[in-house]
Amino acid sequence: MAGYAWLLRLLLLLLAVGLGYAVLSLPDQAQGLQPDVLGKMDQSGVTHPVTAVLLNFRGYDTLLEMAVLLLALLGIWSLGGLPEARPESEPGPVLGTLTQVLVPVLIVVAGYLLWTGAHAPGGAFQAGAVLGAAGVLLQLTGWRLPRRAAGHPLRITLVAGVAVFLIVAALPLPGGRQLLEYDPNYAGVLILVVEAFATVSIGVTLAALFFGADPTDKAPK
Amino acid sequence: MSVPFLYALVGIGLFCLGFHGLIVYDHLLRKILAINIMGSGVFLVLVALAKRGGEAAPDPVPHAMVITGIVVAVSATALALGLMLKVQAATGHAVLPGKSRD
Amino acid sequence: MEGMTWLGWSFDAFVGAGLLWLAWRALASPDLFKAVVLFVAFGLLLALAWVRLEAPDVALAEAAIGAGLTGALLIAALTRLGISMASGRHRNNNKEEL
Amino acid sequence: MQHLYLLLAVFLLLNLGAGMWRVLRGPTAADRMLAAQLFGTTAVAVLLLLAELENSVALRDVALVFALLAAVTAIAFVRRAWAGTEDSNDTR
């Protein structure tokens, strides 16, 4: 391997030069799809272009992306539990108070980001990530999902985002329209419903990814 | 040459740096970091090229793609870390089988 | 506005150079814990790059995930690998020179 | 005023270089982690300066999320990595 290190560097340098040439030869001024998006904004139900693209114009991407999140979680659960680091001590008073203050604030901020996503930067992914961080914080201070919530309630929460998105996507079908083709009059409400469920599902999925095992499993070795 | 192109070139640099690290280093955690850095480079190129409109607002489509990309990247990282821990539990070393242990 | 563009350029140049340097050090440093900390710092700097590229949505996602989740995930994985924080080397008897 | 904001942002960015030195030198893991936290704090300050510069509400949201979540990595470090290590009382 060591003898070929210079060859590898040379090839990667060539790749970098080629990619750089390709990027620099692109036109200096380009609007991309921005005029198309702005032209259709009045039909999207929201006023923020990125949210309109995420949940209306490119709804397929977002729907499948949430399925990818679930797949990653299934992958981790099928590993059968990860080795536990070490028995955790009780959180000290500082950490306990910090968590008691920070977790509600994080939940409020997640709600704010979700709400503001309709007209300004924000939305389901950012809100879900903040919610996931709140879940990670709780786990770090020794909190574990109660036994009775770990079975069906957890699973239903995890799939709720994809399920509600699919239902909303299928709603236009009986009216003779296409999958994910919302009525512009109701698009705003539908997007908010989809985003609300997606936020909770993304947050819980990210927190479960951090936990690293199916909580209904018997304690891993 | 303008600001977006500066960032696009940095993105290409990050991609190639990450690619180099992915090939050269044997420890799996380092490979995971390298893949993340490669992904960040790709995101940087996408977002930089979206801003070529000058004074106009940037193209929102690449932004939406990058946001989903960031969330997918973190979930893939979590899965990769889990697999790495399983490799370590099975072989005692967090390197790919058949690799030298350095 | 001459000074303004000059300052803006130097800001972008620092961010770009910092990104490349942090990525290089994160991959090349022999201590794994140091690599993780450098990677977290890389994520923070990347959020500034998104802001400069007028992508506040992406900056929000990066701030939430890069600052909160990735760091926690990597550190948890590092402890589960059994790597001592003091030296960055393995604690168990299969000593690996990292 | 605009010049001042951008100048301060560049200055804070240079300050990150000083933090970098701590991350690289160590010597203990806690030093590195605290330096990374300093990174986060400085990034919040830079974001707020840029928010004033561009008069953008969204950037204040980014700074808010940053400030809230920077603590999570530090807590993960304290809870998972630092507590219980044989040299946590180390005064090197």
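Quick note on labels: first sequence line is chain A, next is B, and so on, each numbered from 1.
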Measure B:Pro4 against the heavy atoms of chain A and call it side chain, backbone, both or neither at under 4.5 Å.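 For B:Pro4, neither part sits under 4.5 Å from chain A.
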
At a 4.5 Å cut-off on heavy atoms, which part of B:Ile70 comes close to chain A: side chain, backbone, both, or neither?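 When you check distances to chain A, no heavy atom of B:Ile70 falls under 4.5 Å.
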
Heavy-atom proximity to chain B below 4.5 Å, by part of [X]:
X	answer
A:Pro27	both
A:Leu206	side chain
A:Val23	both
A:Ala16	both

Validation row: B:Thr68, A:Asp61 side chains within 4.5 angstrom (heavy atoms): no

Within 6.0 angstrom of B:Phe19 CZ, more than 12 heavy atoms from elsewhere: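 Incorrect, the count does not exceed 12.
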
Does atom CZ of A:Phe210 have more than 12 heavy-atom neighbours, drawn from other residues, nucleotides or ligands, at distances under 6.0 Å?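 Yes.
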
Please name the pair of heavy atoms, one in [X] and one in [Y], separated by the smallest distance, quoted to 0.1 Å.
X	Y	value
A:Ile76	B:Ala78	CD1-O, 3.4 Å
B:Cys16	A:Leu15	SG-CD2, 4.1 Å
A:Leu79	B:Lys86	O-CE, 3.1 Å
B:Pro60	A:Val37	CG-CG1, 3.8 Å
A:Leu26	B:Phe5	O-CZ, 4.1 Å

What's the spacing between [X] [atom1] and [Y] [atom2] if we round to 0.5 Å?
X	Y	atom1	atom2	result
B:His20	A:Leu11	NE2	CG	11.0 Å
B:Ser75	A:Glu65	OG	CD	7.0 Å
B:Asp59	A:Leu38	CG	CG	9.0 Å
B:Leu79	A:Leu71	CG	CG	9.5 Å

Side chain A:Arg58, main chain B:Ala64, donor-acceptor under 3.5 Å: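 Judged by distance alone, no pair lies under 3.5 Å.
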
Taking every heavy-atom pair that is under 4.5 Å apart, which of A:Leu69, A:Ile202, A:Val68 has the most such pairs with chain B?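 Ranked by heavy-atom pairs under 4.5 Å with chain B, first place is A:Leu69.
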
